[in-house]
Amino acid sequence: MKILGEEFFEKDAVSLARDLLGKYVVFGGFVGRVVETEAYHEDDPASHSFLGKSFRNAVMFGKSGVAYVYFIYGMHHCFNVVCGGSGRGEAVLIRAVEPIEGVDEMKKNRRVDDIKNLCNGPAKFCQAFGISRMQNGTSLADGKGIYFCEDFENGGKPRTTRANTDFEVVATTRIGISKGVDLPYRFYIKGNLFVSRG
DNA sequence: CCAGTGATTCTCT
DNA sequence: GAGAATCACTGGC
């Protein structure tokens, strides 16, 4: 289980959004397989970085491989991966993951029993994993907090999910935005049961 | 469909 | 500054 390092996140947001699909995200005792992402960059009117640096989006303009977590609609958190190289204002939103480990705790956090309804949305994923603004600006490459890895062996047993490369990627328009609506920056694993909308 | 909820940004003074 | 509008969402009709 090798942790993805800073260099993995230095590519542009659209490339990283594709490359994160099938990777495993780990935080505390929670593990999920990334099945749906969206890309945002500075020349994109739907991006928080579009209007330039501010107090809220400052970490978006910092180093690649850092978490950008923001609070929205008065009740929800969304988790993004800063990328594109230093100061580029690019990030990838994690929209959905397939629950792998810590499922019982996720159910408690979400107060929901249906496994398909635990992490199938950006704020649901944060609620299930217990991610909040505490994680804003933290490194994803130092192995101390949230991190990503290529493979995950389920307690030494054979993995219950399909191999990383065994899927097709679908690119569509993004969800929940009013600008840049035609850009095909949403990516998900074709046929996966845990995406927010198939 | 639409309300809830609060941070952020826009649009005027 | 103040008030209005907007918002990378979710859950309950």
Side-chain angles (χ1 to χ4, degrees), chain A residues 9 12-21 23 25 27 32 34-62 64-84 88-99 106-138 140 146 148 169-189 193-198:
Chain A
F9 304 104
D12 67 274
V14 172
S15 300
L16 182 66
R18 285 178 171 274
D19 288 354
L20 278 176
L21 292 178
K23 300 294 189 286
V25 57
F27 179 54
V34 179
V35 297
E36 180 179 347
T37 58
E38 280 179 1
Y40 291 88
H41 62 78
E42 197 175 1
D43 297 321
D44 164 12
S47 174
H48 287 179
S49 58
F50 184 67
L51 298 171
K53 192 172 173 179
S54 68
F55 181 76
R56 175 173 69 156
N57 66 18
V59 306
M60 256 186 112
F61 289 92
S64 294
V66 165
Y68 170 44
V69 184
Y70 64 89
F71 185 65
I72 194 164
Y73 296 114
M75 52 178 82
H76 301 301
H77 296 276
C78 291
F79 169 78
N80 301 250
V81 178
V82 177
C83 62
R88 294 291 302 278
E90 299 196 33
V92 173
L93 171 71
I94 304 300
R95 279 199 60 88
V97 311
E98 176 177 340
M106 291 182 200
K107 287 178 177 174
K108 275 196 223 164
N109 287 347
R110 292 266 303 119
R111 297 186 190 88
V112 165
D113 253 356
D114 179 12
I115 192 168
K116 292 194 298 299
N117 191 27
L118 289 179
C119 302
N120 60 336
K124 294 179 183 181
F125 161 64
C126 287
Q127 190 180 20
F129 275 58
I131 294 171
S132 70
R133 277 176 293 188
M134 295 264 298
Q135 281 70 45
N136 188 41
T138 60
L140 303 172
I146 307 168
F148 291 88
V169 174
V170 181
T172 64
T173 54
R174 293 171 293 184
I175 291 175
I177 54 171
S178 57
K179 297 167 188 163
V181 292
D182 294 328
L183 297 169
Y185 286 172
R186 171 174 175 247
F187 303 94
Y188 64 90
I189 292 178
L193 290 173
F194 300 92
V195 303
S196 62
R197 296 185 207 175

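Heavy-atom basis, side chains included; hydrogens, waters and symmetry copies ignored. Sequence lines set the chain letters: A, B, ... in the order given, protein chains first and strands last, and positions in each chain run from 1.
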Expected output: side-chain A:Asn57 to main-chain A:His48 donor-acceptor under 3.5 Å
yes
With a strict under 4.0 Å distance from non-hydrogen atoms of chain A, what nucleotide opens and what nucleotide closes the contacted stretch of DNA chain C, reading 5' to 3'?
C:dC7 to C:dG11
Mapping A:Lys124 and A:Tyr68 to their closest nucleotides on DNA chain C, which lands nearer the 5' end?
A:Tyr68
Among A:Thr37, A:Ile175, A:Val35, find the one that has a side-chain contact (heavy atoms from CB on, under 4.5 Å) with A:Arg95.
A:Ile175
If you take all heavy atoms of A:Phe194 and A:Pro99, which pair is closest and at what distance?
CD2-CD, 3.7 Å
Is a side-chain N or O of A:Glu36 found less than 3.5 angstrom from the main chain of A:Ser196, in a donor-acceptor match?
yes
Pairwise C1' distance for C:dG12 and B:dA7, with rounding to whole Å:
24 Å
Between CE on residue A:Met60 and NE2 on residue A:His41, distance to nearest 0.5 Å:
10.0 Å
Show the distances under 3.5 angstrom between N or O atoms of the protein and N or O atoms of nucleotides 1-5 of chain B.
unit_1, atom_1, unit_2, atom_2, d
B:dT5, O2, A:Tyr73, O, 2.4

For residues 115-126 of chain A, tabulate all N or O donor-acceptor pairs below 3.5 Å that involve a side-chain atom, not counting sequence neighbours.
unit_1, atom_1, unit_2, atom_2, d
A:Asn117, OD1, A:Lys124, NZ, 2.8
A:Asn120, OD1, A:Lys124, NZ, 3.2
A:Asn120, ND2, A:Lys116, O, 3.1

For DNA chain B, which residues in residues 49-56 of chain A have a heavy atom at a distance below 4.0 Å?
A:Leu51, A:Ser54, A:Arg56
Report the C-alpha separation of A:Arg88 and A:Glu42 in whole Å, then their side-chain angles, then the decisive distance to 0.1 Å, and conclude whether the salt bridge (charged side-chain N to carboxylate O under 4.0 Å, His left out) test is met.
CA-CA 7 Å; A:Arg88 294 291 302 278; A:Glu42 197 175 1; 6.0 Å; no
For Watson-Crick and G-U wobble pairs within 3.5 Å on both distances, what is DNA chain B written in dot-bracket notation, | included for inter-strand pairing?
||||.|||||||.
Any cation-pi pair here, A:Arg197 with A:Tyr188, using under 6.0 Å and within 45°?
no
Taking atom NZ of A:Lys53 as the centre, report whether more than 12 heavy atoms of other residues, nucleotides or ligands fall under 6.0 Å from it.
no
What's A:Ile177 touching, base or sugar-phosphate or nothing? Going by heavy atoms closer than 4.0 Å.
sugar-phosphate
Classify the nucleic acid contact of A:Arg111 as base, sugar-phosphate or nothing, counting any heavy atom under 4.0 Å across all strands shown.
nothing
Pairwise P distance for C:dA8 and B:dT11, with rounding to whole Å:
16 Å
Any residue in residues 115-122 of chain A with a heavy atom nearer than 4.0 angstrom to DNA chain C? Just list them by number, or reply none.
A:Gly121, A:Pro122
With heavy atoms under 4.0 Å as the rule, sort A:Ala123 into base, sugar-phosphate or nothing.
sugar-phosphate
Can you confirm whether A:Phe9 sits close enough to A:Val92 that some side-chain heavy atom of one is under 4.5 Å from a side-chain heavy atom of the other?
no
Test side chain to side chain donor-acceptor pair (under 3.5 Å), reference A:Gln127, set A:Arg111, A:His77, A:Arg110, A:His76, output is A:Arg110
